[in-house]
Amino acid sequence: MSFNLDSDINEEINNDNRLKLGGMHATIANPGVTRHIMKAFNLRASKRLGQNFLVDANIVRGIVDAVGAGPGDKILEIGPGIGTLTQGLAESGAAVTAVELDKKLPAVLAETLAGYDNVQIVPGDILKVDIPELMGNAPFKVAANLPYYITTPILMALLEQHLPISILATMVQKEVALRMIAKPGTKAYGALSVAVQYYTRPHIAFDVPPRSFIPAPEVDSVVIVCDVRETPAVEVKDEKMFFKVVKAAFGQRRKTISNAMKGAGFRKEAIDLALSESGIDSGRRGETFTLKEFALLADAMVTVNMV
Ligand code: SAM
């Protein structure tokens, strides 16, 4: 397919009358180019699939820099859309594997990213694809402008699998990023904070205003960078128990740890024993616990369950 641009966008793109993404590489991260691609392929951004396409080249560059993409890197991109961030990643020289759920888009990407031989498009659901099989055993990086409707399940799936990810740089809703970096005793602190901080060192890289997307989302966004730890932040005897305790604590966050755990189905005698063993005051709420305290309590639960 060739792209006969309307004359008004024509000037914006290389003073050419075709969108040459294989040769001259017009930048997709541009409102005119994005509108043109959407029109040429008769695309409508799907709300259901969380489609908000980036149209700001500075933001794309920011994500590429934040993830530190370059030659020799393998990058997994989640949801390439029409190829906006993919193009920036490909330009860095990294090998990019991009998984896209929308069945209409692989054909579009074949055109918009024509000429980039370092990009592999994989149709499918990131929550269902076999990532180790796709990426191999070598370390890789993750970059994404995540669909906001499933941000947490995607992050949790990536982290819980203990994949050889070195760094993860993604666009997320600002409110979610604040939960990811939240400290104990704050309103934003929850199971997501504990999980992200257990596996990674997260920080917010920069803010992204709604006008950087088409269509503009109704929420503020940020790019968050998570440096994946070589070993988790705290050592635990049983990771499953650790997250069971965390889930119980935040399931009923206004209750004391003792009552919250009872509510989650733990045996009262086991809870009492574990709390006394770990030296944690049974009247405290789990929302005030550090990762270390969750680890102490979870380890004590493992011990008392064995006796
Ligand atoms: N990367 C593009 C950009 O920055 O303009 C598009 C980002 S858009 C916010 C999210 C993309 O993720 C969409 O293309 C959407 O179709 C795709 N997506 C949604 N759910 C997905 C899933 N479960 N697995 C893979 N891709 C998904």
Side-chain angles (χ1 to χ4, degrees), residues 21 26-38 41 43-67 69 75-92 94 96-110 112-113 116 119-131 134-135 141-158 161 168-174 176-177 205-206 208-224:
L21 292 164
T27 303
I28 306 171
N30 165 292
V33 177
T34 295
R35 274 196 206 98
H36 176 74
I37 292 170
M38 291 178 72
F41 288 96
L43 296 176
R44 287 239 204 109
S46 155
K47 223 176 175 172
R48 188 176 60 81
L49 292 176
Q51 293 180 348
N52 300 94
F53 302 124
L54 268 171
V55 289
D56 185 334
N58 287 325
I59 304 295
V60 168
R61 211 167 303 123
I63 300 174
V64 173
D65 289 348
V67 80
I75 301 198
L76 171 65
E77 189 196 350
I78 298 151
I82 59 171
T84 318
L85 173 60
T86 326
Q87 183 184 39
L89 295 166
E91 292 273 353
S92 78
V96 186
T97 302
V99 179
E100 174 56 59
L101 179 60
D102 187 338
K103 290 195 173 71
K104 288 193 299 293
L105 292 178
V108 176
L109 289 158
T112 59
L113 299 174
Y116 290 101
V119 175
Q120 183 200 5
I121 302 296
V122 179
D125 182 339
I126 192 64
L127 294 177
K128 295 192 182 139
V129 296
D130 184 337
I131 299 175
L134 198 62
M135 302 303 291
K141 300 178 171 184
V142 176
N145 169 14
L146 284 179
Y148 291 172
Y149 75 107
I150 43 164
T151 301
T152 304
I154 290 177
L155 290 172
M156 292 311 297
L158 291 174
Q161 288 184 65
L168 205 139
T170 75
M171 180 87 69
V172 295
Q173 207 175 318
K174 186 169 189 171
V176 174
F206 54 89
V208 183
R211 64 171 184 277
S212 300
F213 306 85
I214 288 180
E218 281 153 19
V219 294
D220 287 327
S221 305
V222 302
V223 169
I224 189 149

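Order of appearance sets the numbers: ligands from 1, and atoms from 1 within every ligand. Being a predicted model, the structure only gives us computed values, none of them experimental. Count residues from 1 along the sequence.
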Query raised in the report: Side chains of M171 and N52: does their closest heavy-atom pair fall under 4.5 Å?
Result: no

Report task. Look at atom 23 (N) of ligand 1 and say which protein heavy atom is nearest, naming residue and atom and giving the distance to 0.1 Å. Result -> D125 OD1, 2.9 Å

Query raised in the report: Counting both backbone and side chain atoms, is some N or O of G79 under 3.5 Å from an N or O of ligand 1?
Result: yes

Report summary line: The residue among L54, L85, T112, T86 that forms side-chain contact (heavy atoms from CB on, under 4.5 Å) with I28 is T112

Report task. Provide the number and element of each atom of ligand 1 under 4.0 Å from a heavy atom of G124. Result -> 24 (N), 25 (C)

Query raised in the report: Backbone or side chain, does any N or O of I126 fall under 3.5 Å from an N or O of ligand 1?
Result: yes

Query raised in the report: Do L89 and E77 come close enough that some side-chain heavy atom pair is under 4.5 Å?
Result: yes

Requested in this report: With heavy atoms only and a cut-off of under 4.0 Å, state how T86 meets ligand 1: side chain, backbone, both or neither.
Outcome: neither

Requested in this report: Write out the residue and atom name of the closest protein heavy atom to atom 20 (N) of ligand 1, then the distance separating them to 0.1 Å.
Outcome: Y149 OH, 3.0 Å

Report summary line: For atom 14 (O) of ligand 1, the closest protein heavy atom turns out to be E100 OE1, 2.8 Å

Query - D56 side chain reached by P209 side chain, heavy atoms, under 4.5 Å - result: no

Query raised in the report: Under 4.0 Å from any heavy atom of T84, which atoms of ligand 1 are there?
Result: 5 (O)

Query raised in the report: Hey, are the side chains of F41 and L105 touching, using non-hydrogen atoms and a 4.5 Å cut-off?
Result: no

Query raised in the report: So do Y116 and E91 actually touch side chain to side chain, heavy atoms under 4.5 Å?
Result: yes

Query raised in the report: Do any nitrogen or oxygen atoms of L54 come within less than 3.5 Å of a nitrogen or oxygen of ligand 1?
Result: yes

Query raised in the report: Which protein non-hydrogen atom lies closest to atom 2 (C) of ligand 1, naming both residue and atom, and how far is it?
Result: P80 O, 3.3 Å

Query raised in the report: Which residue holds the protein heavy atom closest to atom 13 (C) of ligand 1, what is that atom called, and what is the gap in Å?
Result: Q51 CG, 3.6 Å

Query raised in the report: So is E77 in contact with ligand 1, going by heavy-atom distances below 4.0 Å?
Result: yes

Query raised in the report: Nearest heavy-atom pair of G83 and L113: which atoms, and what distance?
Result: O-CD2, 3.7 Å

Report task. Give the numbers and elements of all ligand 1 atoms closer than 4.0 Å to a heavy atom of L49. Result -> 15 (C), 16 (O), 19 (C)

Query - Minimum-distance protein heavy atom relative to atom 27 (C) of ligand 1 - result: L101 CB, 3.6 Å

Report task. Give the residue and atom name of whichever protein heavy atom lies nearest to atom 18 (N) of ligand 1, and the separation in Å to one decimal. Result -> P147 CG, 3.8 Å

Query raised in the report: Among protein heavy atoms, which lies nearest atom 9 (C) of ligand 1, and at what distance?
Result: G50 O, 3.1 Å

Requested in this report: Select the closest option to atom 10 (C) of ligand 1 among V122, N145, V129, judged by heavy-atom distance.
Outcome: N145

Query raised in the report: If we only count heavy atoms from C-beta on, is the I37 to F53 side-chain gap below 4.5 Å?
Result: no

Query - Interfacing atoms of ligand 1 (cut-off 4.0 Å, heavy-atom, V99) - result: 25 (C), 26 (N)

**Report entry** Heavy-atom side-chain contact between L146 and I78 under 4.5 Å
**Finding:** yes

Query raised in the report: Closest approach of E100 and D102, non-hydrogen atoms and distance?
Result: OE2-N, 2.9 Å

Query - Note, F213 side chain near V208 side chain (heavy atom, < 4.5 Å) - result: yes

Query raised in the report: Can you list the ligand 1 atoms lying under 4.0 Å from a non-hydrogen atom of F53?
Result: 5 (O), 6 (C)

Requested in this report: Quick one: pull up CG in L127 and CE in M156 and give me the separation to the nearest 0.5 Å.
Outcome: 12.0 Å

